[in-house]
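Values below: every heavy atom of this structure, side chains too, minus hydrogens, waters and symmetry copies. Numbers for residues simply follow the sequence, beginning at 1.
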Amino acid sequence: MQQLLIVVGIIMILQFFTGIFHIKYYQRVLRKMSKRSEGFLGVGMNQRKFKLGQVCIIVTDPKGVIEECRLLSGMTIFSRFRKEKRFEGQSIFQMDWIGMEKWREVAENAIGMIQKEMEKKESVEMAEATKTKIGMELVEL
C-alpha cells in the first residue's frame, strides 16, 4: 500500500513538471507569433473532458487576412503546434471551411477574438479623430 502511494506521488510530481514544460512551450509559440508590428492575434481553445483538446492561434494583417495559423491537438505533453497553410491568405470575414471542419470551433473562437480587437481599435481611432476634430474647432473659435 505504501509503495502504491509513492508511485502515485511520483506520477503526480511528473505530471506537474511536464505541465509546466507544456505551458512554457505554449507561451514561447504565442510570444513568437505576436512579434508582428501590425495586425491582430487571436487564440481559440476548447477543452473537453475525455476528448482531445484543441488550440488555434491565428495572426492576421490589419485587413483581416490570415498570415499565419498554428493548430495544436492532443491530450499529452507531446502535442505540438503545427502550421496550417490552408487557412493562410483567407479573410476572416469569408472563411472556406471545406476540409477543416474539425478545426472550425477553435478557429472561430480565435477569429472572434480578432474581430473584437479590430472593433476596439476602430472605436479608439474614431475617438481620437473626434478629439482632433473638436480640438481644431476650439482653436478656430
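- Between the CH2 atom in Trp103 and the CG atom in Leu72 there is a gap of 7.0 Å [rounded to 0.5 Å].
- Hydrophobic clustering of Ile, Leu, Val, Met, Phe, Trp and Tyr side chains at less than 4.5 Å, counting indirect connections, unites Leu41 with Phe81.
- Once rounded to the nearest 0.5 Å, the distance linking CD1 of Ile114 with OG1 of Thr60 reads 4.5 Å.
- Across all their heavy atoms, Val106 and Cys56 have their closest contact at CG2-CB, 3.7 Å.
- Shown here for Ile58 and Cys69, the closest heavy-atom pair between the two residues is CG1-SG, 4.0 Å.
- Applying the 6.0 Å contact sphere to CD of Glu101 captures more than 12 heavy atoms from other residues, nucleotides or ligands.
- Phe17 and Tyr25 are not part of a single hydrophobic cluster, where members link through side-chain heavy atoms under 4.5 Å apart.
- The minimum heavy-atom distance between Met118 and Lys63, with the atom names listed, is CE-C, 3.8 Å.
- At most 12 non-hydrogen atoms from other residues, nucleotides or ligands lie less than 6.0 angstrom from CZ of Phe21.
- Scanning both residues, Met45 and Asn109, for their nearest heavy atoms gives O-ND2, 3.3 Å.
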- Task: Check step by step if side chain to side chain contact (heavy atoms under 4.5 Å, CB included) holds for Arg36 and Glu68.
- Result: CA-CA 11 Å; Arg36 298 176 191 262; Glu68 187 174 358; 2.6 Å; yes
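- Within the 4.5 Å cutoff, the side chain of Val43 has heavy atoms near those of the Met113 side chain.
- Taken to the nearest 0.5 Å, the CD atom of Gln54 stands 13.5 Å off from the CZ atom of Arg104.
- Counting non-hydrogen atoms of other residues, nucleotides and ligands closer than 6.0 Å to CD of Gln27 gives a total above 12.
- Taken to the nearest 0.5 Å, the OG1 atom of Thr18 stands 9.5 Å off from the CD1 atom of Ile23.
- A chain of hydrophobic side-chain contacts below 4.5 Å, direct or via other Ile, Leu, Val, Met, Phe, Trp or Tyr residues, connects Val59 to Val29.
- Hydrophobic clustering, with ILVMFWY side chains joined whenever heavy atoms are under 4.5 angstrom apart, groups Ile13 together with Ile20.
- At a threshold of 4.5 Å between non-hydrogen side-chain atoms, the residues Ile66 and Met95 count as touching.
- More than 12 non-hydrogen atoms from other residues, nucleotides or ligands lie less than 6.0 angstrom from CD of Glu88.
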- Query: What do the steps show when you test Phe40 against Gln115 for side chain to side chain contact (heavy atoms under 4.5 Å, CB included), and what is the final call?
  - Reply: CA-CA 9 Å; Phe40 301 93; Gln115 288 173 334; over 6 Å; no
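- In this structure, Phe87 and Ile111 have side chains that are not in contact, with every pair of non-hydrogen atoms separated by 4.5 Å or more.
- Residues passing the salt bridge (charged side-chain N to carboxylate O under 4.0 Å, His left out) test with Glu84 are Arg82, Arg86, sequence neighbours excluded.
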- Message: Please evaluate residues Met100 and Gln90 with respect to the criterion side chain to side chain contact (heavy atoms under 4.5 Å, CB included), reporting the C-alpha separation (whole Å), side-chain torsions for both, the decisive distance (0.1 Å), and the verdict.
- Response: CA-CA 13 Å; Met100 298 303 293; Gln90 290 192 54; over 6 Å; no
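- At a threshold of 4.5 Å between side-chain heavy atoms, the hydrophobic network of Ile, Leu, Val, Met, Phe, Trp and Tyr places Leu71 and Trp97 in one connected group.
- Considering all non-hydrogen atoms of both residues, Ser79 and Ser73 come closest at OG-O, 3.5 Å.
- Enclosure of atom CD1 in Ile98 is not indicated, since only 12 or fewer non-hydrogen atoms of other residues, nucleotides or ligands lie within 6.0 angstrom.
- Lys120 pairs by the salt bridge (charged side-chain N to carboxylate O under 4.0 Å, His left out) definition with Glu117, not counting sequence neighbours.
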